[in-house]
Amino acid sequence: MPANGSQTKYMEMLLSLDKTPQLYNILCSCFTWILLAGFVVIPGSFTSLRKLQAKTNGEIIPGSPAANAILSSVAETSVTVIGFVCMGIGTTGAIWLGWRWRKNYVWLLNKLYMPLILNGLAGVISTFTNVYSQQKGEWRTQAIVAVTVEGSVLGCAAILFGLYNFWLLDKVKDEHEELTLGSYNGFGADASVA
């Protein structure tokens with residue numbers, strides 16, 4: 001502890017992890033999981049009716065081209081809308097939590113940015129897998145939009161993780177070490193001896 005008895009900013013961040021209301025941890029988990037659900041649902045919407053159409057020679061309802069077009073459009077659109085709504089809710093919640101806890105670097109890194117990176121990566125992998133296994137490598141508008149959103153979440157979360165972990169948190173840790181080691185005035189622990 002610093003000589004004046006006060007806590008360093010790093011110590012305050014670590015101690016505030018225990019004081020963080022459980023509601024924020026639950027919300028963070030919910031928002032990142034809702035975002036992941038959107039990432040998983042969207043690629044599944046690319047092929048939902050295409051498989052059925054392939055089994056029935058391109059028709060869902062035989063002999064009714066108008067009904068087939070409408071049904072195909074509505075079914076794909078509803079699944080796509082559900083996926084994008086999940087993405088919107090998850091992203092909005094993550095942005096709000098990032099802003100709310102922007103001063104606690106440790107919480108952001110562990111609870112928000114790392115899960116977002118992993119979920120974004122899962123979404124990109126899911127979309128690529130779907131396009132190349134189910135769509136035979138044909139990139140449709142849905143797939144392009146989905147991989148753009150997933151890649152954006154992945155990229156933004158990775159940039160924020162790097163910024164907070166390798167720059168902001170390092171500065172706070174260096175300040176903490178300087179203040180705590182300096183407070184011993186050579187009579188306490190020596191970092192070079194360990």
Side-chain angles (χ1 to χ4, degrees), residues 24-102 107-167:
Y24 289 106
N25 294 325
I26 292 168
L27 285 173
C28 190
S29 294
C30 287
F31 287 135
T32 56
W33 276 98
I34 289 170
L35 185 62
L36 180 61
F39 290 166
V40 171
V41 166
I42 288 292
S45 72
F46 304 158
T47 59
S48 56
L49 287 178
R50 299 208 196 295
K51 287 182 180 179
L52 180 59
Q53 288 172 329
K55 289 179 184 176
T56 59
N57 295 326
E59 294 186 334
I60 298 168
I61 301 173
S64 181
N68 286 322
I70 292 169
L71 186 57
S72 178
S73 162
V74 168
E76 283 187 12
T77 301
S78 64
V79 174
T80 303
V81 166
I82 290 168
F84 280 113
V85 166
C86 287
M87 285 183 186
I89 291 169
T91 302
T92 303
I95 290 169
W96 171 69
L97 286 170
W99 181 256
R100 169 65 179 86
W101 292 100
R102 68 189 178 277
W107 189 89
L108 286 173
L109 291 168
N110 294 331
K111 299 289 185 180
L112 188 63
Y113 297 143
M114 184 53 70
L116 286 175
I117 289 170
L118 296 174
N119 290 352
L121 184 61
V124 169
I125 290 170
S126 177
T127 300
F128 270 88
T129 301
N130 189 284
V131 166
Y132 288 104
S133 66
Q134 304 296 321
Q135 300 293 327
K136 297 179 175 84
E138 183 182 334
W139 284 86
R140 295 197 169 103
T141 304
Q142 270 182 309
I144 293 169
V145 170
V147 84
T148 300
V149 171
E150 295 158 353
S152 297
V153 168
L154 174 60
C156 289
I159 288 168
L160 288 168
F161 184 88
L163 173 74
Y164 276 88
N165 192 49
F166 299 114
W167 186 52

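Ring geometry for F166 versus F161: interplanar angle over 60°, hence perpendicular rather than tilted (30 to 60°). Using bins of under 30°, 30° to 60° and over 60° for the plane-to-plane angle, the ring pair W101/Y24 lands in the perpendicular bin.
Residues V131 and A143 approach most closely at CG2-CB, 3.6 Å, considering heavy atoms. For V153 against L116, the heavy-atom pair with the smallest separation is CG1-O, 4.2 Å. In this structure, S152 and T148 approach most closely via the heavy-atom pair OG-O, 2.7 Å. Between Y113 and A157, the closest heavy-atom pair is O-CB, 4.0 Å. Shown here for C28 and L112, the closest heavy-atom pair between the two residues is SG-CD1, 3.7 Å. Across all their heavy atoms, I89 and F31 have their closest contact at O-CD2, 3.7 Å.
With hydrogens and angles disregarded, a donor-acceptor distance shorter than 3.5 Å links the side chain of T32 to the backbone of S29.
Distance CG/N165 to CG/L108: 11.5 Å, rounded to 0.5 Å. Atom NZ in K111 sits 12.5 Å away from atom CG in L27 (nearest 0.5 Å). Between the CG atom in L121 and the CD atom in E150 there is a gap of 10.5 Å [rounded to 0.5 Å].
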Practice item. Give the intermediate values and the outcome of side-chain contact (heavy atoms from CB on, under 4.5 Å) for residues R102 and Y164. Key: CA-CA 9 Å; R102 68 189 178 277; Y164 276 88; 3.8 Å; yes
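Within a 6.0 Å radius of CH2 in W139, other residues, nucleotides and ligands contribute more than 12 heavy atoms. Within 6.0 Å of the CH2 atom in W167, the count of heavy atoms belonging to other residues, nucleotides or ligands does not exceed 12.
A side chain to side chain contact (heavy atoms under 4.5 Å, CB included) with F39 is found for exactly one of V41, L35, I42, namely L35.
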